[in-house]
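All remarks here apply to the structure that follows.
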Amino acid sequence: INKLYKMTRLESTFGVIFLAIVNNRPEMLNLKEILEYFILHRKEIVVRRTRYDLNKAEERAHILEGLKIALENLDDVVALIRNSASPAEAKEELIKRFELTAVQAQAILDMRLQRLTGLEREKIVEEYKNLLQDIARFKEILANERLVLNIIKNELTDIQKEFGDGRYTEIVEKTQEITVEDMIVEEDMVVTVSTRGYIKRNPITLYSNQRRGGKGKTAMG
């Protein structure tokens with residue numbers, strides 16, 4: 001085991017420097033500070049993402065609101081468009097008569113005839129209701145920091161469930177350096193000295209296990 005630690009990558013020792021860019025400046029941080037800045041970073045991401053989703057939802061809801069007005073006054077809208085000399089004139093008349101914005105009026109003019117069917121009209125109304133609920137939820141998140149933190153927690157939990165697994169290694173503060181002595185197996189040895197002054201070391205098991213004419217124990221004579 002000691003040889004594996006010493007001669008392979010089974011055990012690695014390396015230093016960690018918590019150097020990070022904070023407010024466009026490099027700073028040395030401790031673990032607590034790194035976690036705090038990470039949470040601030042995640043808060044900024046969640047807030048900016050929610051604002052973006054809110055803007056997109058409000059833009060879509062604004063268009064659907066105009067389509068709802070057109071569907072509620074379908075006969076008048078169709079007659080107005082048919083009697084207009086040009087798309088620009090029809091757009092201007094829609095804005096004046098139904099108090100629509102330019103975006104809403106253009107969406108009505110771009111609407112396909114298939115959207116006038118009963119099923120498509122129900123889809124528009126249902127989508128509009130769902131968007132109103134999303135808009136209310138987005139505004140609630142932006143107004144409540146606790147909800148933002150809960151989103152961060154839930155997202156990290158989802159990441160842990162999807163990618164987390166058991167640790168295969170052990171992280172310790174410091175390791176004991178392996179010396180030459182640590183590389184020598186601890187076992188009973190036999191040290192022999194010949195009459196001519198030669199010294200030899202052998203495991204005692206070598207003497208016990210010799211068979212078939214071996215000179216182990218008998219050679220000691």
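When a residue number appears, it is its place in the shown sequence, counting from 1.
- Taken from CG in Leu67 to CD in Glu120, the straight-line distance is 11.5 Å, to the nearest 0.5 Å.
- With rounding to the nearest 0.5 Å, the separation of CD1 in Ile135 from CZ in Arg60 is 11.5 Å.
- Residue-environment remark: CD1 (Ile1) stays at or below the threshold of 12 foreign heavy atoms within 6.0 Å.
- The two residues Ala57 and Phe138 have their closest heavy-atom pair at CB-CE1, 4.2 Å.
- Listed by chain and number, the residues in a side-chain contact (heavy atoms from CB on, under 4.5 Å) with Tyr168 are Asp165 (sequence neighbours excluded).
- At a threshold of 4.5 Å between side-chain heavy atoms, the hydrophobic network of Ile, Leu, Val, Met, Phe, Trp and Tyr places Ile108 and Val103 in one connected group.
- The structure places CE of Met189 at 10.5 Å from NZ of Lys200, a figure rounded to the nearest 0.5 Å.
- Here the closest non-hydrogen pair linking Ala90 and Ser84 is CA-OG, 3.4 Å.
- Separating the CZ atom in Phe18 from the CG atom in Leu31 is a distance of 5.5 Å, to the nearest 0.5 Å.
- Across all non-hydrogen atoms, the minimal contact from Val47 to Leu142 is O-CD2, 3.7 Å.
- More than 12 heavy-atom neighbours from other residues, nucleotides or ligands sit within 6.0 angstrom of CD on Glu33.
- Taking CD1 of Ile151 as the start and CG of Leu156 as the end, the distance is 12.0 Å to the nearest 0.5 Å.
- A salt bridge does not link Lys161 to Asp158: none of the charged nitrogens lies less than 4.0 Å from a carboxylate oxygen.
- Residue Leu132 is not grouped with residue Val125 when hydrophobic side chains (ILVMFWY) are merged at heavy-atom distances under 4.5 angstrom, including chains of intermediate members.
- With hydrogens and angles ignored, the 3.5 Å screen pairs no side-chain donor or acceptor of Lys6 with any backbone N or O of Met183.
- Residues passing the side-chain hydrogen bond (donor to acceptor under 3.5 Å, both in side chains) test with Arg49 are Glu155, sequence neighbours excluded.
- No more than 12 heavy atoms of other residues, nucleotides or ligands sit less than 6.0 Å from atom CG of Asp75.
- Between the Asn144 side chain and the Glu140 main chain, no donor and acceptor come within less than 3.5 Å of each other.
- Ile17 and Ile34 end up in different hydrophobic clusters when Ile, Leu, Val, Met, Phe, Trp and Tyr side chains are linked at under 4.5 Å.
- Follow the hydrophobic side-chain contacts under 4.5 Å out from Met7 and you reach Leu10 in the same cluster.
- Taking every heavy atom of both residues into account, Ile21 and Asn24 meet most closely at CG2-CA, 3.8 Å.
- Under the 4.5 Å side-chain criterion, counting only non-hydrogen atoms from C-beta, Glu127 is in contact with Leu131.
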Just list the side-chain donor-acceptor pairs under 3.5 Å for residues 91-98, sequence neighbours left out, or say none.
unit_1: Lys91; atom_1: NZ; unit_2: Gln106; atom_2: OE1; d: 3.4
unit_1: Glu92; atom_1: OE2; unit_2: Lys96; atom_2: NZ; d: 3.3

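- Salt-bridge annotation for Glu126 and Lys129: absent, with no side-chain N of the basic residue lying under 4.0 Å from a carboxylate O of the acidic one.
- The pair Glu36-Lys32 counts as a salt bridge, with a side-chain nitrogen and a carboxylate oxygen less than 4.0 angstrom apart.
- For the 3.5 Å distance criterion, the side chains of Thr179 and Asp182 qualify, holding a donor opposite an acceptor.
- Between Ile45 atom CD1 and His41 atom NE2 the span is 3.0 Å, to the nearest 0.5 Å.
- With hydrogens and angles ignored, the 3.5 Å screen pairs no side-chain donor or acceptor of Gln104 with any backbone N or O of Leu100.
- A pairwise comparison of heavy atoms in Ile69 and Asn73 identifies O-ND2, 2.8 Å as the closest pair.
- Put simply, Tyr128 and Leu74 are part of the same group of oily side chains (I, L, V, M, F, W, Y) that touch within less than 4.5 Å, one to the next.
- Annotation for Glu186: atom CD does not count as buried by contact number, only 12 or fewer foreign heavy atoms lying within 6.0 Å.
- Using a 4.5 Å heavy-atom cutoff, the side chains of Val77 and Ile81 are in contact.
- The shortest distance between side-chain heavy atoms of Leu149 and Val46 does not fall below 4.5 Å.
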